[in-house]
Amino acid sequence: MSMKLSFLTFALSTLVSGAAFAAEPTPATATGIIQFTGSISDSTCNIVGEQDGVKGNTIDLGTNTITSVNSGAAKEVSFHLTTKTANEKSCQPLKTADVSWVPVNGVWDNNPKGLKNIQGTAKHAVVKLMDDNKTLYSSSHNSVTINDSLDTLKFKAQLGNDGQDVTAGTVVTAARFVVAYK
C-alpha cells in the first residue's frame with residue numbers, strides 16, 4: 001500500500017508540475033529594424049530656421065488665391081537655416097555641407113514635386129521646397145551641396161498643387177533636414 005501511495009503521489013505531482021509549466025506563457029518574439037544616423041565633423045553648429053529675421057521652426061507661406069496656386073504664381077518665400085554656436089554667435093563650419101530634406105511622412109509628391117499637405121484642409125495642395133537656385137527637392141533630388149556662405153543656408157518654398165486644382169483651406173506639412181559638414 002505504501003508503494004501504491006508513493007506512486008500515486010508521484011503521478012499527481014507530475015501532473016501538477018506539468019500543468020504549472022503549461023500555464024506559463026511562451027515568450028513572444030518580435031523583430032524590426034532601427035535606423036541610426038549621425039555625422040562626424042571637426043566643426044558643428046546649432047542650426048535654426050529663420051524667415052524675415054524671425055527664428056523658429058515654422059515658415060509662413062502667407063495666404064494665396066486658388067488661381068495663383070493652380071497657375072504656379074503663388075508667392076515664393078525665402079528662408080534660411082542659420083548656423084549658430086551654443087551661445088548664439090555666428091558659427092562658420094567647414095568649407096562645404098550637404099543639406100538633405102526628407103518629408104516627415106516619408107513620401108514626396110512628385111506630380112509636381114513637393115511636400116504633401118499632411119495636416120491641412122486644402123485638397124491637392126503641396127509645398128514646393130527649393131534650393132536657392134530654385135531647383136525643386138523631390139525623391140530624385142533631396143540633397144544639395146553648399147560650398148559658400150555656410151553660416152546661412154538659403155532655401156525657398158512655394159504653395160503648389162499636386163496636378164489637380166487645389167481647394168481653399170489650410171496647408172500644414174513638414175520636412176526634416178540633415179546638414180552634413182565636409
Taking all non-hydrogen atoms of both residues into account, name the closest pair between Ala168 and Ile66 and its distance.
N-CD1, 3.7 Å
Report the distance from atom OG1 of Thr63 to atom CG of Asp60, rounding to the nearest 0.5 Å.
7.5 Å
Distance from Met130 atom CE to Leu136 atom CG, nearest 0.5 Å?
6.0 Å
Can a side-chain donor-acceptor contact be found between His124 and Asn161 if the only test is distance below 3.5 angstrom?
no
Donor-acceptor contact present, side-chain Ser68 to main-chain Ala73, <3.5 Å:
no
Can you tell me if Asn105 uses its side chain to pair, donor with acceptor, with the backbone of Ile118 under 3.5 Å?
no
Nearest 0.5 Å please: distance from the OG1 atom of Thr135 over to the CZ atom of Phe155.
11.5 Å
Is the shortest side-chain heavy-atom distance between Val127 and Gln158 below 4.5 Å?
no
Within the structure provided, determine whether Val179 and Asp98 are in side-chain contact (heavy-atom separation under 4.5 Å).
no
Hey, is the main chain of Lys123 close enough, under 3.5 Å, to the side chain of Thr167 for a donor-acceptor pair?
yes
OG1 of Thr173 to CG of Leu115: how many Å apart, nearest 0.5 Å?
4.5 Å
Asp132 side-chain N/O to His80 backbone N/O, donor-acceptor pair under 3.5 Å:
no
Asn117 to Ala122 - nearest heavy-atom pair and separation
ND2-O, 2.8 Å
So, taking the atom named OH in Tyr137 and the one named CZ in Phe177, what distance separates them when rounded to the nearest 0.5 Å?
12.0 Å
In one Ile/Leu/Val/Met/Phe/Trp/Tyr side-chain cluster, 4.5 Å: Leu153, Val102:
no
Stepwise, does the side chain to side chain contact (heavy atoms under 4.5 Å, CB included) test hold for Val99 with Val178?
CA-CA 6 Å; Val99 182; Val178 176; over 6 Å; no
Mind listing the closest non-hydrogen atom pair of Thr121 and Gly169 along with its distance?
OG1-CA, 3.2 Å
Strictly below 4.0 Å, N to O, side chains only: are Lys134 and Glu76 in salt-bridge contact?
yes
Among the clusters formed by ILVMFWY side chains lying less than 4.5 Å apart, do Leu129 and Leu61 turn up in the same one?
yes
Minimal non-hydrogen separation, Lys156 against Ser78, with atom names
NZ-OG, 3.4 Å
Kindly give the heavy-atom pair with the smallest separation between Asp165 and Asn70, and that separation in Å.
CA-OD1, 3.3 Å
Closest non-hydrogen atom pair between Gln51 and Phe79, with its separation
CB-CB, 4.4 Å
Mind checking the NZ-CG spacing from Lys154 to Leu81? Nearest 0.5 Å is all I need.
12.5 Å
